[in-house]
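See structure below.
Lettering of chains follows the sequences in order, A, B, ..., and the numbering in each one begins at 1.
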Amino acid sequence: MDFQDTPELADFRQQVRTWLDANATRRTDNGHIGMEGEQANHEAKDWYKKKAEAGFACLTWPKEYGGAGLTSLHEVVWTQEVENFKTRDAQFIIGIGNCGPAILHFANEEAKRELLPRMASAEDVWCQLFSEPNAGSDVAGLRTRAELDGDNWKINGQKIWTSGAQYSDYGVVLTRTDPTISKYRGLTLFMIDMRQSGVEVRPIKQMDGGQHFNEVFFHDAIVPDSFRLGEIGGGWNGALTILMSERLAISGIQPTGFPQFLDLVTTLELNGKPIAEDPIVRDRLAAWYSQWAGLQSTNKRMLTAVAKGGIAGAEASLGKLVGAVMNQEIANFVCQILGPAGVIQDDTISPAHAHFQQTVLFSPGVRLAGGTDEVMRNIIAEQVLGLPQEPRADKGMAFQDIPTSSG
Amino acid sequence: MDFQDTPELADFRQQVRTWLDANATRRTDNGHIGMEGEQANHEAKDWYKKKAEAGFACLTWPKEYGGAGLTSLHEVVWTQEVENFKTRDAQFIIGIGNCGPAILHFANEEAKRELLPRMASAEDVWCQLFSEPNAGSDVAGLRTRAELDGDNWKINGQKIWTSGAQYSDYGVVLTRTDPTISKYRGLTLFMIDMRQSGVEVRPIKQMDGGQHFNEVFFHDAIVPDSFRLGEIGGGWNGALTILMSERLAISGIQPTGFPQFLDLVTTLELNGKPIAEDPIVRDRLAAWYSQWAGLQSTNKRMLTAVAKGGIAGAEASLGKLVGAVMNQEIANFVCQILGPAGVIQDDTISPAHAHFQQTVLFSPGVRLAGGTDEVMRNIIAEQVLGLPQEPRADKGMAFQDIPTSSG
Amino acid sequence: MNFEFSEEQLFIRDQARNFLSQECKLSVVRSVLDSDTSFDRKLWQKVVGLSWTAMAIPESYGGLGLGYLELCVIAEELGRSLAPIPFSSSVYLATEALKSWGNEEQKQNYLPKLAAGELIGTLALSEGLGAPTVAAQVHDGALSGTKLPVPDGDVANFAVVSALGDTGAVGLYLVDLEGTGVERETLSSMDPSRSQARVIFDGAPAQLLGGGVSSADELAQLLDRAAVLLAFEQIGGCQSAMDMGIAYTRERYAFGRPVASFQAIKHKFADMYVALELARSNAYYGACALSSDAPDLPLAAATARVSATDAYYMISKENIQAHGGMGFTWEFDCHLHYRRAQLLSGLIGTQIQWKEHLATRLLKAA
Amino acid sequence: MNFEFSEEQLFIRDQARNFLSQECKLSVVRSVLDSDTSFDRKLWQKVVGLSWTAMAIPESYGGLGLGYLELCVIAEELGRSLAPIPFSSSVYLATEALKSWGNEEQKQNYLPKLAAGELIGTLALSEGLGAPTVAAQVHDGALSGTKLPVPDGDVANFAVVSALGDTGAVGLYLVDLEGTGVERETLSSMDPSRSQARVIFDGAPAQLLGGGVSSADELAQLLDRAAVLLAFEQIGGCQSAMDMGIAYTRERYAFGRPVASFQAIKHKFADMYVALELARSNAYYGACALSSDAPDLPLAAATARVSATDAYYMISKENIQAHGGMGFTWEFDCHLHYRRAQLLSGLIGTQIQWKEHLATRLLKAA
């Protein structure tokens with residue numbers, strides 16, 4: 001047990017540091033970089049291209065697909081180093097982190113060689129299209145239909161909660177190809193060209209006023225059979241692979257709110273007294289720090305396991321569950337200690353550029369995105385602890401016969 | 001809305017106060033009176049007899065059955081007043097509170113006139129026999145058989161968690177009379193003579209070392225058909241009536257640990273400083289007080305509803321749930337603030353005669369007795385909020401075909 | 001003991017509920033939330049028309065002369081409907097301050113107009129982050145300083161303002177917010193359906209309220225009364241948010257059955273119910289103490305406040321979760337309660353401060 | 001970065017687990033719990049035979065010269081098996097105190113005997129309720145005062161005792177508990193499977209440890225190391241209690257299906273798993289810091305301690321609930337962990353004190 005890099009990783013870290021120093025700007029504060037908007041997107045594309053040219057894109061992918069053929073530990077080193085710089089490194093993480101593995105697993109060699117390098121350098125941007133208005137926690141309850149029409153498939157239906165759909169060139173879409181058999185067996189996965197006319201993207205206005213997610217409508221959108229990922233009816237297994245990758249991708253960037261809280265505690269004075277001296281603040285600080293530190297170290301344990309050839313399991317759900325709840329509770333607590341002005345959301349009045357007020361309003365979405373608290377607990381209970389599933393109301397039924405709200 | 005007695009109740013309160021002053025000893029401290037043992041039982045029997053002779057026993061029962069024919073509000077007044085005295089008023093509350101209503105509802109006139117007055121004066125002591133080793137939360141999953149044998153029923157099986165079985169003369173027992181039909185329909189309720197040879201009582205040693213509960217074994221115990229309560233196969237409805245009465249009975253005496261905590265906070269100094277000045281203590285004090293006060297006032301609302309002719313509903317589950325959890329958390333918190341000596345359970349060292357250490361060890365049982373936290377939440381969700389039941393694995397099955405651990 | 005509102009009070013409540021379900025649909029709340037307006041003037045005028053602003057003002061000053069219990073049932077319904085009007089500022093705070101401490105002339109000047117809704121008042125205590133402190137000063141009848149946040153400070157006609165007087169003692173002053181020496185600005189907040197303002201006083205004419213109200217205890221009494229009334233707004237909001245979640249999860253299916261049939265969801269609602277009922281019971285006790293001006297009002301008010309604030313935060317937050325992704329959209333109404341829960345929890349001091357009040361009062365009583 | 005024990009360390013852990021599953025069945029724990037004995041001497045001697053007491057003592061003093069990581073894996077297994085022996089007192093506290101501060105003569109006198117299990121030591125700090133304070137005094141080499149509770153104080157051969165010296169400064173002293181001027185008494189506690197004592201010193205011969213250990217910081221270092229080791233005992237207990245609950249609820253049926261298939265029960269176990277994994281990860285970090293004597297050991301130790309204490313309390317408590325009524329019986333083993341969780345949480349200062357340490361250290365580092 002130690003905190004040291006292996007000589008190889010130490011070498012790599014030095015290489016990364018040197019390159020970043022030459023090609024990016026060091027961060028000076030804890031402030032976050034806005035994630036939205038066209039401008040951000042352009043900046044991110046430039047950055048990804050630069051990374052790819054220097055050989056730092058998609059470090060764990062094989063070189064022939066635009067990656068660097070390195071290990072997850074190299075990726076960790078990259079992540080640790082890049083955090084010290086102002087970059088848009090995380091901009092396309094959902095697309096790359098989710099769609100990449102799906103294509104690596106299921107696409108044919110030609111598609112991989114053509115599409116993956118362009119994904120890695122963000123020449124093409126990708127999105128993932130799973131959730132539907134009536135298929136949230138029950139992802140496999142989706143209704144978007146894909147019907148064979150000659151060599152093509154015709155897609156009709158609606159997706160929701162698609163991050164980045166508005167600037168995506170391609171998507172990976174999970175569809176129902178057979179509603180007459182059980183819901184898990186009637187699903188098929190495709191790549192889809194998002195720029196075609198049968199695809200309509202409408203932003204969703206979130207409760208915090210932001211528009212990070214979209215609805216995507218398919219009206220006779222066309223997908224060639226060569227864009228199919230895996231077998232017809234094999235979509236659910238593919239989707240599980242992707243969802244697992246998603247949780248891993250998210251577990252790295254899962255907001256917990258703790259660093260911002262610590263920063264606030266060490267700097268803020270209220271009524272002429274540092275809040276760091278307030279016993280109630282200290283009590284919560286200790287409780288949240290012990291959780292936050294536990295998450296950091298859990299991540300280290302997971303990476304150690306991966307480095308030793310193991311695979312990361314459903315344990316990532318733990319980070320999602322704990323981090324998302326902490327994030328919300330911290331934000332609310334801070335607004336409470338600020339007194340009557342805690343409700344004010346104003347850059348010039350609210351500490352940390354109103355970060356905590358924004359988080360109060362955004363954090364419910366973090367608890368929902370990528371699976372609710374309840375879904376996380378189910379995954380831990382069933383997949384990690386091996387507890388028995390609940391009796392299933394829809395077990396053995398043809399999809400079309402399963403009771404639904406509208407039916 | 002007001003805190004005043006009606007003139008009638010004010011009158012009654014005066015009457016009670018006068019009688020108690022003449023017949024009981026005022027309490028001088030917050031200390032509790034030991035609940036166990038033969039001596040306690042004798043004292044309690046004397047006290048109940050005295051009460052009954054003065055017309056203060058079972059205030060809400062009709063006079064012809066040994067009661068006073070008064071309202072629940074009179075009962076509340078009695079409870080409020082008697083709390084100021086050292087009495088064993090609560091000793092037989094489970095027997096009387098649970099079995100009494102069952103007999104009032106389901107027994108024939110003769111049995112009521114014979115049995116109830118003796119119950120009210122504690123000449124006869126009663127216990128309730130529902131739970132079984134394999135039927136806890138799932139009370140209706142019980143296996144104790146009752147088989148008709150001429151004019152008598154023969155009882156075989158095992159009950160568990162029976163309070164006071166060792167000193168009971170009679171019991172109310174829920175049995176299975178038909179295992180070939182659905183579990184809820186095959187149950188029948190009986191009164192049973194606990195002093196007969198086919199009944200064996202064995203105390204259960206609890207995790208805290210106490211022995212408040214018992215196992216009761218029936219080997220061909222005999223019950224005349226005249227002791228049947230309600231119809232054959234109608235036992236479940238009767239049991240529900242009793243369980244509801246139980247929760248109400250418990251809701252009055254449900255320990256919360258709060259008064260003892262408040263007492264401690266106002267009196268204890270640690271390291272030369274009153275703990276009342278410790279901000280962490282004050283924070284928890286405020287949180288628990290607001291819950292405790294909420295329970296007190298919820299009780300008042302329930303009584304107001306009852307006084308206006310309504311019936312108390314499953315809301316009593318709320319008090320059980322909140323009080324039992326608070327009781328455990330308070331006890332643990334106190335042991336933590338006491339420092340390394342918090343683990344010591346010694347009358348001469350631990351404050352409040354080691355009340356909090358005893359409570360750490362006893363409180364898990366309080367959370368379990370009368371229904372687990374989960375059962376309480378189910379009751380609130382289904383019976384109060386009307387949320388749909390879960391799909392039932394045992395629905396429509398004959399009892400004997402339902403999967404069990406041992407089968 | 002009688003722990004329920006009277007028939008007459010329940011009648012007022014039902015009337016209020018019917019009225020608000022017609023006149024204050026959530027679209028009304030949204031129109032304030034979505035726009036630059038700070039409150040719904042039409043709704044305000046209708047509410048004035050129903051004499052709710054006059055309810056607890058003595059008849060001699062143009063009011064109805066009813067008690068606080070009537071105000072409690074109204075408050076519950078305002079909370080349930082998320083009414084976007086400056087009722088709490090004007091009625092629970094400004095009106096009450098005048099009733100308590102105004103001299104005869106001030107009462108004559110203000111109360112009839114407050115009753116008739118011709119004036120909207122508010123109370124200005126805070127001067128930025130943290131617990132309210134007083135740096136604003138009155139010299140020779142002119143007030144200077146900045147108050148922030150002032151609830152409804154951008155729409156109120158006048159404010160009762162805490163400031164240091166010529167002697168250096170804290171007092172409360174009546175200040176015309178539409179007069180000279182006053183600049184005000186609406187602030188962004190987590191709940192734009194109820195406004196908050198920065199008010200800058202620069203030599204604004206200020207009139208001492210009554211003979212001078214200086215003791216912290218006296219001010220605390222005003223806030224205690226408001227705490228009980230706000231607790232009713234909060235429990236009204238709790239009930240509405242919980243009902244919303246129950247209705248939605250009963251209708252929505254997942255895995256072939258209603259979401260509301262899953263034990264984790266059922267237990268979530270059970271926990272909401274528990275929080276709400278405890279808060280409601282504490283609010284009722286607070287109402288009792290308020291209406292009888294009982295000696296334990298300070299403790300009862302803090303208790304009502306603490307549990308209502310906890311309950312509204314928890315219920316409005318978990319209601320979003322019970323809705324799943326749709327609960328996070330602007331389109332769904334869940335966030336309206338979540339925002340209001342934040343607003344109400346800040347209004348007269350936050351949870352941490354009230355918990356400390358509660359502990360202090362409890363230990364004093366014990 | 002490598003965040004796992006080495007093959008050799010894991011081998012030691014597996015050996016320890018196998019040994020304890022044979023030699024320290026819960027019947028062994030119960031025999032101490034149910035009787036007047038304070039520990040299981042037979043088990044202690046076997047543990048000594050395996051050289052666990054010698055593990056982290058340098059070879060020059062008769063030890064094996066292994067590191068703290070080896071001690072961590074042993075601690076986890078001792079916690080898992082609820083071993084009723086004075087290991088933590090003698091090894092984590094007394095031995096460590098001598099290693100840190102003993103002069104050469106003291107080390108030569110004590111360490112070989114501690115390694116060989118011929119002496120059992122303990123550390124005596126507390127003098128009653130509250131955070132430890134020092135009133136005991138040493139005058140002319142004679143100690144007087146009362147220490148309470150002293151873990152394993154009734155069975156230890158000697159104690160390292162905090163006391164005021166002739167100069168009035170706090171120091172640590174070596175005191176023979178079997179010698180003159182010492183009276184000791186076993187105290188009832190929530191976990192009779194590990195003993196606690198009152199030790200009354202009345203002129204007992206006392207020898208200053210090393211050149212004198214007076215600073216609170218030095219003492220804190222000792223407790224920090226013990227905190228990491230105890231965290232491993234706690235997570236071992238957590239795992240065992242959780243496994244117990246999972247096994248039982250999978251087997252037990254209600255409403256025609258395994259209790260473990262109900263969502264409320266599954267989510268309870270998920271929450272236990274979360275608490276345990278966070279605690280385990282923090283303990284691993286603590287082990288890293290301990291073994292490399294890293295500058296963030298104080299923070300890492302407090303973190304490991306706080307989350308392990310939380311986790312063990314929560315898991316041992318909810319394990320009882322998951323068992324239903326049977327979990328409340330003496331016969332079932334659930335209470336053994338619940339009791340041990342209380343004992344371990346008290347040993348070197350309670351949760352409230354460690355949370356305060358954590359906050360102080362974190363803010364110092366930030």
I'd like to verify something: which residue of [options] has the highest number of heavy-atom pairs under 4.5 Å with chain A?
options                : value
C:M326, C:R257, C:R339 : C:R339
C:S126, C:A131, C:A264 : C:A131
C:G324, C:G325, C:P258 : C:G325
C:I265, C:L148, C:L336 : C:L148

- Could you please state which residues from residues 157-164 of chain A sit under 4.5 angstrom from chain C, measuring non-hydrogen atom to non-hydrogen atom, sorted by number, or 'none'?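 If one takes a 4.5 Å heavy-atom cut-off, the residues of residues 157-164 of chain A near chain C are A:I160, A:W161.
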
State, with a plain yes or no, whether a side-chain heavy atom of [X] is found less than 4.5 Å away from one of [Y].
X      : Y      : answer
A:I344 : C:S188 : no
A:I204 : C:W330 : no
C:T329 : A:F213 : no

- C:T350 side chain vs A:Q336 backbone, donor-acceptor pair below 3.5 Å: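 Yes, C:T350 side chain to A:Q336 backbone: donor-acceptor pair under 3.5 Å.
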
- Message: Between C:Q196 (side chain only) and A:V343 (backbone N and O only), is there a donor and an acceptor less than 3.5 Å apart?
- Response: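 Side chain of C:Q196 to backbone of A:V343: no pair is present.
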
Using a cut-off of under 4.5 Å on heavy-atom pairs, state which of [options] scores highest against chain C.
options                        : answer
A:R367, A:Q328, A:K183, A:Q357 : A:R367
A:T372, A:N332, A:L270, A:I402 : A:N332
A:L268, A:I275, A:D346, A:I349 : A:I349
A:A140, A:P340, A:G209         : A:P340
A:D373, A:I280, A:L338         : A:L338

- Task: Give, as side chain, backbone, both or neither, the part of C:E318 having an atom under 4.5 angstrom from any heavy atom of chain A.
- Result: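 The side chain, not the backbone.
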
Mind checking the [atom1]-[atom2] spacing from [X] to [Y]? Nearest 0.5 Å is all I need.
X      : Y      : atom1 : atom2 : result
C:D34  : A:K205 : CG    : NZ    : 5.5 Å
A:D394 : C:Y253 : CG    : OH    : 12.0 Å
A:F333 : C:I352 : CZ    : CD1   : 4.0 Å
C:Q353 : A:I337 : CD    : CD1   : 10.5 Å
C:L187 : A:S350 : CG    : OG    : 9.0 Å

Which atom pair, heavy atoms only, marks the closest approach of [X] to [Y]?
X      : Y      : answer
C:M190 : A:G342 : CE-O, 3.5 Å
A:M207 : C:G327 : SD-O, 4.1 Å
C:Y338 : A:S363 : OH-OG, 3.9 Å
A:A341 : C:G128 : CB-O, 3.6 Å
A:D138 : C:A254 : OD2-C, 3.8 Å

- Message: Show, in sequence, the C-alpha distance, side-chain angles and deciding distance for A:E390 and C:F255, and conclude whether the side-chain contact (heavy atoms from CB on, under 4.5 Å) test is met.
- Response: CA-CA 11 Å; A:E390 287 201 281; C:F255 303 98; over 6 Å; no

- For C:E183, salt bridge (Lys or Arg N to Asp or Glu O under 4.0 Å) partners two or more places apart: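 Partners of C:E183 under the salt bridge (Lys or Arg N to Asp or Glu O under 4.0 Å) test: none.
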
- Can you sort out the partners of A:R377 under salt bridge (Lys or Arg N to Asp or Glu O under 4.0 Å), two or more places apart, ordered by chain and number?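 Testing A:R377 for salt bridge (Lys or Arg N to Asp or Glu O under 4.0 Å), a comparison that skips the adjacent residues, returns D:D271.
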
- Message: Apply side-chain contact (heavy atoms from CB on, under 4.5 Å) to residues C:Q263 and A:E374 and explain how you reach the verdict.
- Response: CA-CA 10 Å; C:Q263 209 174 28; A:E374 287 73 27; over 6 Å; no

- Item | Test side-chain contact (heavy atoms from CB on, under 4.5 Å) applied to A:D208 and C:F328, step by step | CA-CA 8 Å; A:D208 67 323; C:F328 185 56; 4.1 Å; yes

- Query: Considering only heavy atoms, which portion of A:A135 lies under 4.5 Å from any heavy atom of chain C: side chain, backbone, both, or neither?
  - Reply: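 Contact with chain C: backbone only.
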
- Partners meeting ring-ring contact (aromatic ring centres under 6.0 Å, His included) with C:Y248 (sequence neighbours left out):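 By the ring-ring contact (aromatic ring centres under 6.0 Å, His included) rule, C:Y248 matches C:H323, C:F332.
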
- Neighbour count above 12 (heavy atom, 6.0 Å) for A:D347 CG: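 Buried by this count: over 12 neighbours within 6.0 Å.
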
- Let me see the working for A:L368 and C:Q321 under side-chain contact (heavy atoms from CB on, under 4.5 Å), right down to the final yes or no. CA-CA 7 Å; A:L368 292 161; C:Q321 297 300 313; 3.5 Å; yes

